[in-house]
Novice: 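Take this structure, written in structure tokens, and hold onto it; I'll ask about it next.
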Amino acid sequence: MELYNTLTRRKETFSPREPGKVSMYVCGPTTYNYIHLGNARPLIFFDTVRRYFAYRGYLVDYVQNFTDIDDKIINRAGEEGEDPLALAQKYINEYFRDAGALNVRRADTHPRVSGHMPEIIEMIDTLIKNGNAYVVEGDVYFEVRSFSAYGRLSGRSLDDLRAGARVEVDSRKRDPLDFALWKAAKPGEPSWESSWGPGRPGWHIECSAMSLKYLGEGFDIHGGGFDLIFPHHENEIAQSEAATGKPFARYWLHNGFITVNEEKMSKSLGNFFLVRDILARFPPETVRFYLLSTHYRSPLDFDDQKLESAGRGLERVKTSIRLLAEALARPEDGRASVECKDLPPVLDELRDSFEKAMDDDFNTALAIAVLFDLAREVNTCVQRLGVAPAPADREVLLKAEVLFKAFNEVLGIFKVDRNGKMSLDGMPSPGLDLADGLLELIIGLRQEARSRKDWAVADRIREGLKGLGIIIEDTPQGVRWKKQG
RNA sequence: GGCGACAUAGCCAAGUGGUAAGGCAGAGGACUGCAAAUCCUCCAUUCCCCGGUUCAAAUCCGGGUGUCGCCUCCA
């Protein structure tokens, strides 16, 4: 596998710290609001990375933090008259709801800042002892000059950074770029005791302390959005390596931004879309599919038309999976003629192509193209079968179904139930409830009308059901219905 | 001002030296009572512009134009 490492600015062959195992840490959200689409991109992308490593047979240890102590949380809690930690907890719960809807699996560990004060304080202590940090009036700052590799990740020298610094210079800092490891408590703020006084951690130290605690020195992959490269990840490297004297993380992966009208979407610009608002208008699988249809390092523009277009494309994939399931559900006929005997080698090629795409820096856009190729091959086969498959064809179809499931296991577009069945949401379920029963009854009546060539009644029923969101399709293999996508 | 990324059909989007994937939209055909779905065919002599390297460039180099991002909390 090749992956693009921000640290070296080129693709590198992935080789894990320990054979067969992958350790990854991804910066999670600051929980003071519901997550927006921009937050969803790294979630979905790194979830896909994790799934692909698992598909490739690696044992993955995935850690994603929550920043539950921070200025924004404290401010928000102040506005709402709520306890900051309770507010953070609320949005952590909501986070899981949104992420779950997008079929993002939980990380193996979701550490929080508030639960790791001893580790954070100990790390700061080490940095002070090592001469990399200094205390000023209860604040503790990291001294960037003390770390010679500072700027390596973002590709900038300290001089470049100073020249462009827009930060107000704090005269207590030895260098304008020195950053806070510990902030002295202000009245009314949540705080923790430390040997340099009560306070709370700065933003960057948490990720160093928690990633090192759970994954150890030199873990494999550290990920996040492009905007975290500087200063957040730069600072993480400085702190961690200054404290441990060992390399911090081995591969740095950063996803590109989501833009709206070609402009970066962010909470500070106020042009963001909450995941839950989008999910009220589009199916979650469409959202996930859309986000994966562009390479993760490219910017991705969001608007309704683009999502609708993606949804129509995804509909073809769903249709294909449905056609396949229906063909398999039909009774075999005993005929010996085999219609799809050319398909198996094609399926093998498709699997190769899919893996090749994912091996090349997680090229999900190409992988999705392979998904479409699979759909077309399956449709062609199913169409040739006519009403019932021969036993040999049945085996071929089963193999194709396995491939659909394998692709979906990686891309995570469709949710999968306990029996391993993909949920396409419009698919008629085997268990009939009243509505389904009535629907079957009406469709049966329409079929009788059709057999009498009573087209007026048949069309009226079809139009009427369409108005209720049920699409009727008359196919050579019989009637099919689905809920409107 | 400093650093960096990107520019491929009406739209979205792969493709880093060997002669333009895939999707949406569109056109024609097969199938169909019709519609839908599905399948087949067509749809970029050309990859922002100008130079250069090469037998060969969307892909490499130089210059230009444009868009975006980072340098401040931000996924």
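Only heavy atoms go into these numbers, but all of them, side chains included; no hydrogens, no water, no symmetry mates. In the text below, chain A, chain B and the rest are named by the order of the sequence lines, each starting its count at 1.
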Novice: Distance criterion of 3.5 Å, no angle test: do you see the side chain of A:Arg384 paired donor-to-acceptor with the base of B:C39?
Specialist: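 Checked by distance alone, the answer is no.
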Novice: Should A:Ser298 be listed as having a side-chain N or O under 4.0 Å from OP1 or OP2 of B:A14?
Specialist: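 Result: yes.
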Novice: Would one find a side-chain N or O of A:Lys306 under 4.0 angstrom from OP1 or OP2 of B:A13?
Specialist: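 No, outside the criterion.
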Novice: So, does A:Asn379 get its side chain near the phosphate of B:C39, meaning an N or O under 4.0 Å from OP1 or OP2?
Specialist: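 So the side chain of A:Asn379 is within the cut-off, an N or O lying under 4.0 Å from OP1 or OP2 of B:C39.
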Novice: Of all the nucleotides listed (B:G22, B:C39, B:A36), which has the minimum atom distance to the side chain of A:Ala369?
Specialist: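 Nearest to the side-chain atoms of A:Ala369, counting from C-beta on, is B:G22.
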Novice: At 4.0 Å (heavy atoms only), tell me whether A:Arg446 reaches a base, stays on the sugar-phosphate, or touches nothing.
Specialist: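 A:Arg446: base contact, heavy atoms under 4.0 Å.
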Novice: Output the rounded distance in Å from CD1 (A:Ile471) to P (B:A36).
Specialist: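 Spelled out: CD1 on A:Ile471 to P on B:A36 is 11 Å.
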Novice: Please report, rounded to the nearest Å, how far the P atom of B:A13 is from the CZ atom of A:Phe372.
Specialist: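 That distance rounds to 15 Å.
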Novice: Counting only side-chain nitrogens and oxygens, does A:Asn363 get under 4.0 Å of the OP1 or OP2 atom of B:G15?
Specialist: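 It does, given that an N or O in the side chain of A:Asn363 lies less than 4.0 Å from OP1 or OP2 of B:G15.
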Novice: Please confirm whether any donor atom in the side chain of A:Asp227 sits under 3.5 Å from an acceptor in the base of B:C73, or the reverse.
Specialist: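 Between B:C73 and A:Asp227, which were checked side chain against base, a qualifying N/O pair under 3.5 Å is absent.
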Novice: May I ask you to say whether A:Arg288 pairs ionically with A:Asp47, meaning some side-chain N is under 4.0 Å from a carboxylate O?
Specialist: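 Salt bridge flag = yes for A:Asp47 with A:Arg288.
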Novice: Can you name the side chain to side chain donor-acceptor pair (under 3.5 Å) partners of A:Thr13, sequence neighbours left out?
Specialist: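 With sequence neighbours excluded, A:Thr13 shows a side chain to side chain donor-acceptor pair (under 3.5 Å) to A:Glu2, given in chain and number order.
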Novice: Does the ring of A:Phe226 lie flat against the base of B:G69, closer than 5.5 Å centre to centre with planes under 30°?
Specialist: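 Ring-base stacking flag not set for A:Phe226 and B:G69.
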Novice: Could you measure between the two C1' atoms, the one in B:U45 and the one in B:C6, and give it in whole Å?
Specialist: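 To the nearest whole Å, 26 Å.
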Novice: Students often mix this up, so state it plainly: with edges at 30° and 60°, are the rings of A:Phe14 and A:Tyr251 parallel, tilted or perpendicular?
Specialist: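 Tilted.
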Novice: Taking only the P atom of each, what is the distance from B:G10 to B:U19 in whole angstrom?
Specialist: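 Nearest-Å result for B:G10 against B:U19 at atom P: 24 Å.
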Novice: Closer than 4.0 Å, any side-chain N/O of A:Arg316 to the OP1 or OP2 of B:U38?
Specialist: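 Checking B:U38 against A:Arg316, a side-chain N or O does come within under 4.0 Å of OP1 or OP2.
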Novice: Using only heavy-atom distances, decide whether a donor-acceptor pair under 3.5 angstrom links the side-chain of A:Arg41 to the base of B:A75.
Specialist: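 Donor-acceptor pair under 3.5 Å: no.
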Novice: Any donor-acceptor pair under 3.5 Å between the side chain of A:Asp459 and the base of B:G33?
Specialist: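 By the distance-only test, yes, there is a pair.
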Novice: Any carboxylate oxygen within less than 4.0 angstrom of a Lys/Arg side-chain nitrogen, looking at A:Arg276 and A:Asp98?
Specialist: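 Looking at A:Arg276 and A:Asp98, the cut-off is met.
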Novice: How close or far is atom P of B:G10 from atom CD of A:Glu308, stated in whole angstroms?
Specialist: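 It is 22 Å, rounded to the nearest whole Å.
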Novice: Side chain of A:Glu234, backbone of A:Ile229: donor and acceptor closer than 3.5 Å?
Specialist: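 Looks like no, no N/O pair under 3.5 Å.
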Novice: State whether A:Arg297 places a side-chain N or O below 4.0 Å from either non-bridging phosphate oxygen (OP1 or OP2) of B:A5.
Specialist: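 No, A:Arg297 has no side-chain N/O under 4.0 Å of OP1/OP2 on B:A5.
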Novice: With respect to the phosphate group of B:A75, does any side-chain polar atom (N or O) of A:Asn39 fall under 4.0 Å of OP1 or OP2?
Specialist: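 Yes, such a contact exists.
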